[in-house]
Structures are given as C-alpha cells and as structure tokens.
Number of protein chains: 2
Amino acid sequence: MQNNQFKKGELYSFITGKASIAIARSLQKKFNAAGLQLTIEQWSVLYHLWKDDGKSQQDLCNATFRDKPSITRLVDNLEKLGLVQRVPSDSDRRINKIYVTKAAQKLQEQTMQLAEETLNEALSGVPPEHVDLCKEVLQKVYDNLK
Amino acid sequence: MQNNQFKKGELYSFITGKASIAIARSLQKKFNAAGLQLTIEQWSVLYHLWKDDGKSQQDLCNATFRDKPSITRLVDNLEKLGLVQRVPSDSDRRINKIYVTKAAQKLQEQTMQLAEETLNEALSGVPPEHVDLCKEVLQKVYDNLK
DNA sequence: TTGGAATGGTTGTTTAAACAACCGTATGCA
DNA sequence: TGCATACGGTTGTTTAAACAACCATTCCAA
C-alpha cells in the first residue's frame, strides 16, 4: 500500500508549496517597489485576461483555481481600480464577460517583465530541462487531483 | 537580459502553485471525511513537532514559512484543542518550547497515512526520479528567494 | 556596568479566502 | 408548455493570513 516515493520527512514541502509562496512574495515586493498598487491575486486575473480577453467570471474561477465569490470580489476591486470592465453577454444573460481596459494594458509590459525577473532569480542555477520536467510533474499533480 | 526558460504563457502555474493548493485541499477533505477537526495549517505545525519535539515558536516560523503572529495563534488554537503545550525555556525566558501532547501523538499515525495516500494519488503516474528532481528544483527556488 | 540593539512572543487591525445560501437565467425532459 | 434542475454570479459570515506596533528578555560593545 505504502510506496516509498516520499520518505516521511519530505512530505511537508510538497504539501505546503513553499517555493510558490516565495515566488509570489518576491513578485509582490517588486510590484510595491515599482509603486504599483496591485496584489498578486489581482495581477493573476489580469494575466489570464491578457492571454485571452473577455473571459467569463466562471472561466476565471477555473483559470485561477479560486471560487466564485473570490472572483466576484477580485473583479469588483479591479473594476474600482479602472482596470477591467464587466460586459453582460448577449447570448447568455447570466454571464459577465470581463475585458481589460486601456489602463490595464499599460501595466502588462511592466508587470510581465517583473514576473520574468522574479522567475529568473528563482530559477537561477536550475537547468532549463529540469524546469520543464518540474512543470510537467506539477501539472500532472494538478490533473490527478482536480 | 530575458531568458527563455519560460515562455510567457507558462509563467502563471509556477507563481500560483496550483499543485500544492490541490494537494492541501485534497488532504483537508480526507481529514474531514475521517472526522478529524484539524486544519492543514494546524497539522503542519504538528508535523514539524513530530519530527522534532520541543521547537520554539520561532523555529516553527522558519519551518512553516509563516510569520510570528500566525504561529502564536496556531499554537493558541492547538493548545485549546489539547494537542500541544507551551513550556517556558529555562535557559532563555523569552522562549516557549512547544511540545505535543499524548492526544496529538495519537493523531500522528492516522494523519501521516492520509498524507501519504494523498501524495500517492497526486503523484500517480509520475516516475519517482521525476519526483525527486522536481523536489530539488522547488528546494532550489526556495533557497534562491528566501 | 550599562545603555542600545536584537530577539522571541503577543496583540490590534486590515484584508481576503472559503463556505453556505441565495437570486436570476438557461436547459432539458415529461 | 411547464416544471425541476443546472449554471453564473452575488451577498453574508467566519476564519485566518500579513503587517505594524508593542513588551519582555537577552546580547553586545563602549
């Protein structure tokens, strides 16, 4: 029943995800240092919209792995900041499509560059092929459990 | 300046740590299903004490990657549950050493087994050598940033 | 030895997450 | 057609995290 992929003493780091917390905190510090009033959570929503604008809130739930009330409030705050806009869908009146504003587009280049900087620091000394493999493992873990 | 270890479209998963969130939620569900009134955060404190009993609260901060107020309140709650005990240190009167109680010891075997189950599910289909390599990468990331 | 800095821990406050319950719209099946 | 169910989104509540400010003890160096 028990396999030995993990010795017991090593369970913890995998469960708590210290690495990703460290990355998020580091990126948040860069945002603050650059004078950007933007949380990582807000940025993560923008990130998905930059990739594919006009997502529904439900789409954002799936993309960010957060529940519906969390997305409602994140979008509320981003709307107050003038960074996104809710647009009711024509074809399905339950749905809000979320679009980034021009103000948000201006943030894209700067924040993506800070994110890349953070990852370069985080992964310094790690061979690219190891990074790829690690990403594959984490994706598989996510797929196995979701 | 920019390197291409990450294509832009893949930044997100690394920063948000969806995999570890999925693992933690899955384990929490198992705790609930087993009738255990224990959060993952509380369990993570117990986990470190089982490995090395009598840690100071500061030690627990380092081990769990949480700040001091968080540990104070986690220990408060664990004390209320009768699972740990604060014992003032003789050699340094600023320090509380935290010890698990017998009630907590009874939880160890059951919860560690649930944690192993969770990890086995999470890592099913992933070769052990890939898991090892992934752990190394995550540890390196943590060391690079902390 | 003594006064300032560092360390370990606590408390107050703000912010945001999850969960449950709810409303309005859409879908599917009898 | 109509009614039960599912789906997208919002609101209310509780819980816990981070941050700042604080107290007591210890360390260190003038």
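Naming: A, B, ... by sequence-line order, numbering from 1 per chain. Since the model is a prediction, treat every value here as computed from it, not as a measurement.
dT15(C) atom P lies 11 Å from atom NZ of K80(A), rounded to whole Å. Rounded to an integer number of Å, the gap from CG of L60(A) to C1' of dG9(D) is 12 Å. Here dG9(C) presents its C1' atom at 14 Å from CG of N62(B), a figure rounded to the nearest Å. Distance CG (D67(B)) to P (dG8(C)): 14 Å, rounded to an integer number of Å. Note: NZ (K97(B)) to P (dG9(C)) measures 11 Å, nearest angstrom. I71(B) has its CD1 atom 8 Å from the P atom of dA17(D), to the nearest Å. The nearest whole Å value for the distance from the CG atom in D76(A) to the P atom in dT15(C) is 15 Å. Here the P atom of nucleotide dC19(D) and the CZ atom of R73(B) are 14 Å apart, to the nearest Å.
In this structure N32(A) satisfies the side-chain contact (heavy atoms from CB on, under 4.5 Å) test together with Q28(A), sequence neighbours excluded.
Minimum interatomic distance between S124(B) and N144(A) (heavy atoms only, all atoms of both residues): O-ND2, 3.0 Å.
Panel note: side chain E79(A), backbone R86(A); a donor-acceptor pair is recorded below 3.5 Å.
Proximity of R93(A) to the phosphate of dT27(C): no side-chain N or O atom is located under 4.0 Å from OP1 or OP2. For S70(B), a side-chain nitrogen or oxygen approaches OP1 or OP2 of dA18(D) to under 4.0 Å.
The stretch residues 19-42 of chain A comes close to DNA chain D through R25(A), each having a heavy atom under 4.0 Å from the strand.
In terms of hydrophobic clustering, with Ile, Leu, Val, Met, Phe, Trp and Tyr side chains grouped at heavy-atom distances under 4.5 Å, I21(A) and F65(A) are assigned to different clusters.
Applying the salt bridge (charged side-chain N to carboxylate O under 4.0 Å, His left out) test to residues at least two apart or on different chains, the pairs with a partner in residues 19-31 of chain A are K30(A)-E117(A), K30(A)-E121(A). For residues 94-103 of chain A, the set of pairs meeting the salt bridge (charged side-chain N to carboxylate O under 4.0 Å, His left out) definition, not counting sequence neighbours, comprises D92(A)-R94(A).
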Letter by letter from the 5' end, nucleotides 2-8 of chain D scores (B base, S sugar-phosphate only, - none; protein heavy atoms under 4.0 Å) ----BBB
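Neither side chain, E116(A) nor N120(A), offers a donor N or O lying under 3.5 Å from an acceptor on the other.
Residue side chain R86(B) does not reach the base of dG8(C) through any donor-acceptor N/O pair under 3.5 Å, judged by distance alone.
Along DNA chain D, the nucleotide nearest L74(B) and the nucleotide nearest V75(A) are compared for position; the residue whose nucleotide lies closer to the 5' end is V75(A).
Its side chain outside the 4.5 Å cluster rule for every partner, I95(A) clusters with none of the Ile, Leu, Val, Met, Phe, Trp and Tyr residues.
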